[in-house]
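In what follows, a single structure is set out as structure tokens and then discussed.
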Amino acid sequence: MDLNKSLYTQKIEYLSLKNQNTSAPKIDEEALKKEMEKRWLMVLGEGAVFMIFLILGIVKTNKAFRAEISLTRQQKNFLLSITHEFKSPLSSIKLYLQTLQKRDLDKEKQSVFIKNAINDTERLNQLVENALLATQIENNNYTFRKENVSLSNFIKEILTINYNLLFNFEKKIDFQTHIESDIFYCIDKLAFSSVLINLMENAIKYSDEEVKLTVELKKVDKNILLRFIDEGMGISDHEKDKIFKKFYRSGDERTRRTKGTGLGLYIVSNVVEHHNGKILVKDNKPKGSIFEIWLDSEHNECE
Ligand code: ADP
């Protein structure tokens with residue numbers, strides 16, 4: 001811009017000197033000024049475009065860098081938590097078996113130990129299923145085998161079977177269901193059961209000693225609404241979006257008290273999406289969370 005200005009003054013000086021002794025028409029200073037301003041705008045425009053691209057580039061690189069760091073941290077957390085998750089049921093199964101082997105326990109004690117060992121095996125199984133399902137969904141390797149089922153019966157069945165697992169949490173549980181009958185939907189039974197189990201397990205995990213969980217299924221106009229309502233610790237507004245991301249767990253792995261891998265809600269939201277559904281998380285009153293699954297019963301894929 002400085003060069004442009006000095007060029008302009010020199011041009012004026014040169015032309016006025018050249019024109020001094022001639023009868024040529026006077027130089028058009030106005031036109032020269034306009035030309036200088038035009039160049040000035042051009043330089044400014046180019047500079048601005050360059051700056052915009054530079055800033056965009058920096059912002060994008062920074063974002064990608066942060067995402068990479070956060071994913072690495074979450075993956076590290078995942079490894080830490082999955083090792084922990086595997087270790088604790090494994091060591092308790094080992095302990096139950098060793099006690100059964102060494103001690104001559106009465107029949108009643110034996111059956112309690114065996115039941116606990118089976119529950120721990122079931123936990124391990126659930127963990128492996130979750131990891132497998134998450135990997136398959138992510139790689140688009142999972143084939144959804146859908147069939148038209150009575151959602152009402154299916155939910156009752158899965159919740160009842162898995163209710164036994166809840167006793168493992170050693171919490172006082174007030175569990176209620178309000179399931180409207182004769183609601184049908186096209187689902188992949190395996191994937192959908194994982195939605196139900198994950199939401200039920202979370203409601204218990206993230207509640208204090210006294211758990212209150214209500215599961216509702218009803219028709220709302222042309223949609224089907226499935227709700228998991230708990231009175232647990234709730235989810236802050238800034239975490240509501242994050243909890244559905246892979247490996248996301250709130251807090252720090254070393255200080256956290258609850259077990260988990262951060263895969264549960266990632267699977268839940270993916271499976272719901274594959275069923276033409278939407279999942280929302282809301283605050284419950286006075287405390288706790290509500291997970292709502294909206295299914296579009298007008299687009300039943302099985303029909
Ligand atoms: P995990 O339970 O293995 O940590 P999830 O993907 O199931 O992984 O959940 C992600 C995070 O969302 C949890 O770490 C927890 O902080 C939060 N969360 C999930 N469900 C609930 C709930 N019902 N109440 C409060 N917080 C929850």
Side-chain angles (χ1 to χ4, degrees), residues 70-71 73-89 122-138 158-159 162-163 165-166 168-169 171-177 191-216 226-273 279-293:
S70 127
L71 192 69
R73 203 183 54 224
Q74 281 167 5
Q75 270 170 343
K76 215 168 104 195
N77 270 352
F78 171 70
L79 279 180
L80 260 173
S81 55
I82 205 151
T83 342
H84 181 75
E85 284 277 278
F86 270 108
K87 262 188 103 170
S88 52
E122 193 48 53
R123 256 210 76 68
L124 279 176
N125 192 33
Q126 193 63 46
L127 201 70
V128 176
E129 291 279 353
N130 254 2
L132 197 68
L133 195 59
T135 321
Q136 285 177 325
I137 287 177
E138 192 177 17
I158 296 294
L159 295 185
N162 286 280
Y163 187 71
L165 264 180
L166 306 185
N168 250 3
F169 288 92
K171 290 182 179 177
K172 196 170 156 250
I173 299 166
D174 172 0
F175 180 47
Q176 293 183 17
T177 51
F192 210 84
S193 67
S194 139
V195 170
L196 303 174
I197 296 168
N198 274 307
L199 289 177
M200 180 162 70
E201 205 181 302
N202 278 353
I204 295 156
K205 255 193 329 195
Y206 301 107
S207 292
D208 299 331
E209 292 312 305
E210 297 210 350
V211 184
K212 187 163 188 327
L213 168 63
T214 311
V215 179
E216 280 179 8
L226 171 62
R227 306 211 298 167
F228 282 74
I229 307 163
D230 69 54
E231 292 189 5
M233 58 176 64
I235 300 164
S236 62
D237 283 342
H238 83 279
E239 284 201 305
K240 285 197 173 80
D241 284 340
K242 297 186 189 161
I243 54 171
F244 295 104
K245 290 192 177 135
K246 196 172 53 171
F247 303 139
Y248 182 82
R249 303 201 70 211
S250 59
D252 189 297
E253 196 53 46
R254 282 154 300 184
T255 52
R256 197 182 290 123
R257 280 182 304 137
T258 53
K259 298 173 183 174
T261 55
L263 286 179
L265 290 180
Y266 170 74
I267 294 175
V268 169
S269 65
N270 266 285
V271 171
V272 169
E273 260 173 42
I279 182 158
L280 306 173
V281 56
K282 296 179 176 171
D283 292 329
N284 190 17
K285 287 210 172 88
K287 64 184 185 120
S289 318
I290 305 176
F291 282 86
E292 287 189 356
I293 295 177

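Counting starts at 1 for both ligands and their atoms, following the listed order.
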Closer than 4.0 angstrom, basic N to acidic O: yes or no for R227 and E292?
yes
Examine ligand 1 and decide if any of its atoms is less than 4.0 Å from a heavy atom belonging to K205.
yes
Is there a polar contact, in the sense of an N or O pair closer than 3.5 Å, between G262 and ligand 1?
yes
Under 4.0 Å to a heavy atom of G264 - the qualifying atoms of ligand 1, by number
5 (P), 6 (O), 7 (O)
Just jot down the ligand 1 atoms closer than 4.0 angstrom to any heavy atom of G260, in number order.
3 (O)
State the atoms of ligand 1, each with its element, that fall below the 4.0 Å cut-off from a heavy-atom position in R249.
1 (P), 3 (O), 4 (O), 14 (O)
Could you check whether any heavy atom of T261 sits closer than 4.0 Å to an atom of ligand 1, since that is the contact criterion I want to use?
yes
Hey, is E201 touching ligand 1 through its side chain, its backbone, both or neither, going by heavy atoms under 4.0 Å?
neither
Under a 4.0 Å N-O cut-off, is there an ion pair linking D230 with K205?
no
Please identify each residue that fulfils side-chain contact (heavy atoms from CB on, under 4.5 Å) with K246, with sequence neighbours left out.
E138, L263, Y266
I need the E231 CD to D208 CG distance, nearest 0.5 Å.
11.0 Å
Which of the numbered atoms in ligand 1 are below 4.0 angstrom from a heavy atom of S289?
24 (N)
Taking the minimum heavy-atom distance to atom 16 (O) of ligand 1, which of A134, G234, S250 ranks first?
S250
Can you give me the closest heavy-atom contact between I267 and S194, atom names plus distance?
CG2-OG, 3.5 Å
May I ask you to decide if I235's main-chain N or O and K240's side chain share a donor-acceptor pair within less than 3.5 Å?
yes
Ligand 1 contact on L265 by region, counting heavy-atom pairs under 4.0 Å
both
For I235, atoms of ligand 1 separated by under 4.0 Å from a heavy atom:
21 (C), 25 (C), 26 (N), 27 (C)
NZ/K172: more than 12 non-hydrogen atoms of other groups inside 6.0 Å:
no
CG/D174: more than 12 non-hydrogen atoms of other groups inside 6.0 Å:
yes
Give, for atom CD of E201 and atom CG of L213, the distance between the pair rounded to the nearest 0.5 Å.
12.0 Å
Is the contact between D230 and ligand 1 made by the side chain, the backbone, both, or neither, using heavy atoms and a 4.0 Å cut-off?
side chain
With a 4.0 Å cut-off on heavy atoms, does F244 reach ligand 1?
no
Counting heavy atoms only, which of Y248, F228, Y206 comes nearest to atom 1 (P) of ligand 1?
Y206
